[in-house]
Amino acid sequence: MTSRMKISLVIPCYNEEKNVRIMLETCRQRFENLDTDIEYLFINDGSKDRTFEELKKLIADYASEQIKVINFSRNFGKEAAMYAGLQQASGDYTAIIDADLQQDPKYIVEMFTFLENNPDYDTVACYQSKRRESALIIFFKKIFYWVMNAISETEFVENASDFRMMRKEVVAAILTLKEYHRFSKGLFTWVGFNTYYRPYEVKERQEGATSWSFGKLVSYAIQGFVGFSTAPLKIASLLGSFISIASFLYLIYLVFDRIFFGNDVPGFTTLASLILFSSGIQMVLIGILGEYIGHTFLQVKQRPIYVVKDLLESNGSSTRAHNDKP
Ligand code: UDP
Ligand code: MG
């Protein structure tokens, strides 16, 4: 007799008080015919609303389900929440899914079936078949993927999301990457393994609001560049060499012009703009350097990626009674 498979669901929650219950109920519906154990890992990422209270109620109300609630001491970000969830996941397969129901749990069943039937693949990653975002954001995201793939050795698949299912070997590999600045899009491809990309249709958020602003997206993109490429550091050497050579040639020209033709270059304007131009470039390059030093600084301090305040667990028997329906 083969033992039952187990699927772990990692569900990061930030201000999702109105969604977590519907999320769990939707999952239960979708998984009705699935002959596996399900482990729900809710990570409350320092929500400012009553998400934690709701999650405690879920544990009480669904005593037969295997539910774990990891309550962070503050908001550490979705990346940290996913890391904590993956650390707790004990399933043969682990999936990451948002709490806001934008990602229908029915795809979990499809991803599981796919992995069961295709032993050659280790991960199924969903990408959005069409984005529900403004044209400007879509444009910036396109540019981001283009630049990222141009300067990094890790492949970045356009529109691929964190919505994915992995075998436990992949989870173990991801957990060996202990970097403080986590950029999952890169970490998932960095570990390798065979990934199958499948389209999915993203839905509107059930309740609440997205926590992404344009500024957050920009700093997330910078995380990606700094985390997965050292190319920006080389800009300084390239630009510096170019400017040095060009200005040296210009200098020779000026000296010749002065000696042989007696032309004095009149030029406060020239001088002022040259100085401003070159000091501007230097500032930018120091800024880039600063990003890398900042990353190094925070990594060297070896602070933990998150801090847990409470860890709650339902008594849900590990072999869930199968006829257990509400
Ligand atoms: N999330 C989180 N910590 C945060 C921000 C978001 O755990 O600091 C969770 C959030 O609750 C949701 C998922 O990450 O389950 C995706 O967030 P959101 O819906 O805001 O992003 P979007 O779907 O707009 O990309
Ligand atoms: Mg969302």
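Remember, it's a predicted structure, so these values are computed and weren't measured experimentally. When a ligand or atom number is given, it counts from 1 through the structure's own listing order.
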Could you tell me which atoms of ligand 1, counted from 1 in the order shown, lie closer than 4.0 angstrom to a heavy atom of [X]?
| X | result |
| --- | --- |
| C13 | 7 (O), 11 (O) |
| A99 | 15 (O) |
| Q102 | 19 (O), 22 (P), 23 (O) |
| D45 | 2 (C), 3 (N), 4 (C), 7 (O), 8 (O) |
| D100 | 19 (O), 23 (O) |

Worksheet entry | Test: K78 and D45 ion pair at under 4.0 Å |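 Salt bridge between K78 and D45, a charged N being under 4.0 Å from a carboxylate O: no.
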Fill in: Short N-O contact, E25 and R28, less than 4.0 angstrom
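R28 and E25: not salt-bridged.
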Quick one: nearest non-hydrogen protein atom to [atom], plus distance?
| atom | answer |
| --- | --- |
| atom 21 (O) of ligand 1 | W212 CD1, 3.3 Å |
| atom 9 (C) of ligand 1 | P12 O, 3.6 Å |
| atom 14 (O) of ligand 1 | K78 CD, 3.3 Å |
| atom 16 (C) of ligand 1 | D98 OD2, 3.3 Å |
| atom 24 (O) of ligand 1 | T210 OG1, 2.7 Å |
| atom 6 (C) of ligand 1 | S211 OG, 3.5 Å |
| atom 1 (N) of ligand 1 | Y14 CB, 3.6 Å |
| atom 18 (P) of ligand 1 | R205 NH2, 3.6 Å |

Worksheet item: Within 45° of the axis and under 6.0 Å from the centre of the six-membered ring of F188, does NZ or CZ of R164 qualify?
Response: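 Yes; both conditions hold, so R164 lies above the ring face of F188.
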Discussion item. Distance to the ring centre below 6.0 angstrom and angle to the axis at most 45 degrees; does that hold for R198 and Y196?
Written reply: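 Geometry flag: not set, cation outside 6.0 Å or 45°.
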Item to complete: Examine all N, O or S atoms of D100, backbone included, and report whether one is under 2.8 Å from the Mg ion (ligand 2).
Response: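 A backbone or side-chain N, O or S atom of D100 is under 2.8 Å from the Mg ion (ligand 2).
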Discussion item. Could you measure the distance from the CG atom of N194 to the OH atom of Y121? Nearest 0.5 Å is fine.
Written reply: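 Between atom CG of N194 and atom OH of Y121 there are 6.5 Å.
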Worksheet item: Hey, what do you get for CD (E39) to NZ (K6), rounding to the nearest 0.5 Å?
Response: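 Reported value, rounded in 0.5 Å steps: 4.5 Å.
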Discussion item. Just to verify, which of M165, M111, K168 counts as forming a side-chain contact (heavy atoms from CB on, under 4.5 Å) with Y93?
Written reply: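 In the set M165, M111, K168, the residue that makes a side-chain contact (heavy atoms from CB on, under 4.5 Å) with Y93 is M165.
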Item to complete: Measure E16 to ligand 1 on non-hydrogen atoms and call it side chain, backbone, both or neither using the 4.0 Å cut-off.
Response: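 Just the side chain.
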Discussion item. Side chain, backbone, both or neither: which applies to N75 and ligand 1 if a contact is any heavy-atom pair less than 4.0 Å apart?
Written reply: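 The answer is the side chain.
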Item to complete: Give a yes or no on whether the backbone of S8 and the side-chain of T94 come within a donor-acceptor separation of less than 3.5 Å.
Response: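 No, T94 side chain to S8 backbone: no donor-acceptor pair under 3.5 Å.
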Worksheet item: When you measure from the side chain of D49 to the backbone N and O of E17, does any donor-acceptor pair fall under 3.5 Å?
Response: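 Answer holds: yes.
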Practice prompt. Output, in order, the C-alpha distance, side-chain angles, deciding distance and verdict of salt bridge (Lys or Arg N to Asp or Glu O under 4.0 Å) for D162 and K185.
Written response: CA-CA 7 Å; D162 302 325; K185 280 182 202 309; 5.0 Å; no
